[in-house]
Amino acid sequence: MHHWLMKSEPDEFSFQELERKGKEPWTGVRNYQARNFMRSAKVGDLVLFYHSNCDEPGIIGVAKVSKEAFDDPTQFEPKSDYYDAKSTKDNPRWSCIEVSFHQGFKRLVSLPDLRNSAALSDMLILRPGNRLSVTPVTAAEFKAIAGLGGLKK
DNA sequence: GCCAACGTTGGC
DNA sequence: GCCAACGTTGGC
């Protein structure tokens, strides 16, 4: 089992919205590295949900992979922001996964919290200039972050 | 709104 | 295949 971290701008799609809807297809990823990470995700993998580009950036809870990679339908929709004219149904470029709500944290694990934790010093998300919206997280990192956030039960 | 750090594109 | 120009991300 792998662990992941996925970023979302709460103005676009928040963790609260995921809780309300229950599940969501993670479409619109247009970065090859992030795509490849999604392609290696398995059903049941846990996902740290990170709110970016907002007042308080940080990890707000945990989602779960509920469908493995499939063709991202938005790449074929000319009206979509994520339309890719170079992608064909015979040879699609972009994949997405479906994620489901799992559990919220008792408290936000903020970006400063992450930076202050010695156990998290190697996290990809903390590296300068890292803009990947999907990154792998080690089991130890996941455990440390869940400890800081405190899972609701 | 600024800007650093990237990824992508396209001319050559 | 190089690399300059451009676009995007995301913290501050």
Side-chain angles (χ1 to χ4, degrees), chain A residues 2-21 23-41 45-65 68-99 101-138 140-142 144-150:
Chain A
H2 290 112
H3 299 85
W4 308 96
L5 182 147
M6 292 174 43
K7 291 185 205 170
S8 187
E9 303 191 14
D11 288 348
E12 298 292 322
F13 188 82
S14 68
F15 190 62
Q16 290 78 8
E17 201 170 340
L18 180 64
E19 177 165 24
R20 221 165 29 244
K21 295 176 76 172
K23 61 184 182 179
E24 182 73 5
W26 211 254
T27 58
V29 174
R30 294 293 180 268
N31 171 286
Y32 289 105
Q33 233 183 316
R35 179 202 70 182
N36 293 342
F37 286 138
M38 284 199 297
R39 287 184 176 176
S40 63
D45 284 357
L46 296 176
V47 179
L48 296 165
F49 201 101
Y50 182 93
H51 277 172
S52 67
N53 215 356
C54 56
D55 285 348
E56 259 198 306
I59 298 166
I60 187 167
V62 181
K64 189 154 55 166
V65 176
E68 283 164 30
F70 56 99
D71 295 347
D72 180 342
T74 63
Q75 69 193 307
F76 305 124
E77 296 164 7
K79 286 181 187 160
S80 167
D81 288 345
Y82 303 114
Y83 177 63
D84 185 344
K86 293 179 185 163
S87 189
T88 63
K89 297 220 173 186
D90 288 340
N91 191 18
R93 278 191 180 184
W94 304 112
S95 303
C96 61
I97 57 178
E98 184 192 84
V99 297
F101 180 82
H102 185 55
Q103 279 189 312
F105 283 160
K106 288 182 191 162
R107 62 195 86 86
L108 179 86
V109 182
S110 71
L111 190 52
D113 290 339
L114 297 172
R115 293 199 185 280
N116 287 334
S117 167
L120 302 175
S121 54
D122 290 334
M123 274 192 82
L124 290 174
I125 200 78
L126 301 180
R127 303 239 298 246
N130 189 317
R131 307 181 326 195
L132 280 179
S133 58
V134 181
T135 51
V137 170
T138 68
E141 288 165 346
F142 185 92
I145 291 166
L148 290 171

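Proteins come first, then strands; the chains are lettered A, B, ... in the order of their sequence lines, and each starts at number 1.
The shortest distance between the side-chain N/O atoms of Tyr50(A) and the OP1/OP2 oxygens of dG11(C) is below 4.0 Å. At the phosphate of dG10(C), OP1 or OP2 sits under 4.0 Å from a side-chain N or O atom of Lys7(A).
Between Arg131(A) atom CZ and dA5(B) atom P there is a gap of 12 Å when expressed in whole angstrom units. Put simply, CG on Asn53(A) is 17 Å from P on dC3(B), counting in whole angstrom units. Arg127(A) has its CZ atom 16 Å from the P atom of dG10(C), to the nearest Å. Computed from coordinates, the Met6(A) CE to dG10(C) C1' distance equals 17 Å when rounded to whole Å. Between Arg35(A) atom CZ and dT8(B) atom C1' the separation is 14 Å, expressed in whole Å. For the pair Glu56(A) CD and dC12(C) C1', the computed distance is 14 Å after rounding to whole Å.
Here Phe49(A) and Trp4(A) keep their ring centres 6.0 angstrom or further from each other.
Heavy-atom neighbours of Glu77(A) CD from other residues, nucleotides or ligands within 6.0 Å: above the threshold of 12.
In this structure, of dG7(B), dG11(C), dA5(B), it is dA5(B) that holds the atom nearest to the side chain of Pro128(A).
A salt bridge does not link Lys89(A) to Asp71(A): none of the charged side-chain nitrogens sits closer than 4.0 Å to a carboxylate oxygen.
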